[in-house]
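What follows is one structure encoded as structure tokens, with my remarks underneath.
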Amino acid sequence: IPGYGDSPPVEKAVTAEGRRTFLDHVLQELGMQRPVLVSPSMSGRFALPFLLAHGDRLAGFVPIAPVGTKDYTAEQYRGVQTPTLILYGDRDTGLAPQALQNLQHLPGHRVAVLHGAGHACYLDKPEEFHRALLGFLRQLK
């Protein structure tokens with residue numbers, strides 16, 4: 001994610017609009033058509049603005065306790081028709097409950113909880129994570 005960790009800062013990534021545009025550009029450069037967007041943690045700052053503006057261009061969305069869910073209203077979430085798998089570890093008591101509370105307004109969502117997993121549930125329980133993700137992907141058209 002530009003500007004996080006050791007990556008250089010990206011001036012455009014300061015605003016939600018800039019982050020949406022950046023992600024749009026990345027997907028266009030990769031030639032991706034109707035991808036499934038997997039969004040753990042800090043990537044929510046990029047994925048959520050994109051989802052709300054261009055959810056129809058995604059085949060699916062998989063938020064994993066993303067940051068920034070409280071920045072949008074229930075009404076905004078209700079307008080998104082993208083099939084969504086809300087995935088999180090039950091030991092993530094910080095970000096996961098807040099994300100679930102906000103994202104549950106997405107009309108086409110299901111929830112998968114990885115028991116015994118923390119915030120990085122895909123690292124804590126990789127087999128269960130992949131089973132849930134692949135099950136979701138198989139159901140997409």
Side-chain angles (χ1 to χ4, degrees), residues 1-115 117-141:
I1 299 174
Y4 295 100
D6 293 331
S7 65
V10 174
E11 196 172 311
K12 291 179 185 175
V14 174
T15 66
E17 178 67 18
R19 292 186 295 272
R20 181 202 59 75
T21 302
F22 177 83
L23 182 55
D24 188 22
H25 181 73
V26 168
L27 295 176
Q28 284 181 28
E29 285 296 309
L30 294 173
M32 303 195 81
Q33 306 218 351
R34 295 197 36 82
V36 173
L37 186 57
V38 178
S39 177
S41 198
M42 292 302 289
S43 69
R45 292 266 186 232
F46 289 78
L48 291 169
F50 187 87
L51 174 73
L52 293 171
H54 302 300
D56 59 327
R57 290 176 32 200
L58 298 172
F61 180 56
V62 183
I64 307 165
V67 169
T69 62
K70 68 182 184 313
D71 297 346
Y72 305 97
T73 66
E75 185 77 18
Q76 286 175 293
Y77 286 120
R78 284 188 202 106
V80 175
Q81 298 302 311
T82 309
T84 300
L85 174 64
I86 300 169
L87 213 154
Y88 65 94
D90 66 351
R91 291 192 178 164
D92 182 356
T93 57
L95 209 46
Q98 179 185 85
L100 178 62
Q101 181 180 355
N102 294 308
L103 295 173
Q104 69 185 351
H105 298 289
L106 292 166
H109 82 273
R110 2 187 293 214
V111 177
V113 180
L114 302 185
H115 298 283
H119 183 63
C121 61
Y122 41 86
L123 296 177
D124 294 341
K125 299 286 184 172
E127 289 182 26
E128 291 90 335
F129 170 79
H130 286 103
R131 194 173 9 244
L133 179 60
L134 291 172
F136 174 69
L137 295 176
R138 282 188 201 101
Q139 292 189 335
L140 297 176
K141 296 178 180 178

Leu100 vs Val111, test: side chain to side chain contact (heavy atoms under 4.5 Å, CB included). Steps then yes/no. CA-CA 9 Å; Leu100 178 62; Val111 177; 3.9 Å; yes

Does the Arg20 side chain pair with the main chain of Pro49, one donor and one acceptor, at a distance under 3.5 Å? no

Main chain of Pro126, side chain of His130: is a donor-acceptor contact present, judged purely on distance under 3.5 Å? yes

Of all heavy-atom pairs linking Leu37 and Phe50, the shortest is CD2-CD2, 4.4 Å

Without hydrogens or angle criteria, can the side chains of Gln98 and Asn102 be said to hold a donor-acceptor pair below 3.5 Å? no

Contacts under 3.5 angstrom, residues 77-91 side chains, donor-acceptor by atom type, not counting sequence neighbours:
from, atom 1, to, atom 2, distance (Å)
Tyr77, OH, Thr69, O, 2.6
Thr82, OG1, Gly55, O, 2.7
Thr84, OG1, Thr82, O, 2.9
Asp90, OD1, Gly116, N, 2.7
Asp90, OD2, His115, ND1, 3.2

Might you point out which heavy atoms bring Ala59 and Leu140 nearest each other, and give the distance in Å? O-CD2, 3.6 Å

Per-pair distances, 0.1 Å, donor-acceptor, side chain in residues 117-124, under 3.5 Å, sequence neighbours excluded:
from, atom 1, to, atom 2, distance (Å)
His119, ND1, Asp92, OD2, 2.6
His119, NE2, Ser41, OG, 2.8
Asp124, OD2, Gly118, N, 2.6

Please check: side-chain N/O of Arg34 versus main-chain N/O of Asp56, any donor-acceptor pairing under 3.5 Å? yes

Heavy-atom distance under 4.5 Å between the side chains of Pro35 and Leu58, does that happen here? yes

Got a second to check how far Leu30's CG is from His25's NE2, nearest 0.5 Å? 9.5 Å

Going from CD on Gln28 to OG1 on Thr21, what distance comes out if it is rounded to the nearest 0.5 angstrom? 10.0 Å

Can you tell me how far apart CG (Leu133) and CZ (Arg138) are? Round to the nearest 0.5 Å. 9.5 Å

Heavy-atom closest pair (Gln76 atom, Asp71 atom, distance to 0.1 Å) is OE1-O, 4.5 Å

Compare all side-chain heavy atoms of Val36 with those of Leu137 and state whether any distance is below 4.5 angstrom. yes

Distance col, row Ile64:CD1 vs Leu95:CG, nearest 0.5 angstrom, shows 11.5 Å

Less than 4.5 Å apart, any side-chain heavy atom of Leu103 and any of Pro66? yes

What distance do Leu23 atom CG and Arg45 atom CZ have between them, rounded to the nearest 0.5 Å? 15.0 Å

At their closest point, which heavy atom of Ala16 faces which heavy atom of Tyr72, and how far apart are they? CB-OH, 4.0 Å

Rounded to the nearest 0.5 Å, what's the gap from CD on Glu29 to CG on Asp24? Could you check? 10.5 Å

For atom CD of Gln33, decide whether the heavy atoms of other residues, nucleotides or ligands shown that lie under 6.0 angstrom number more than 12. no

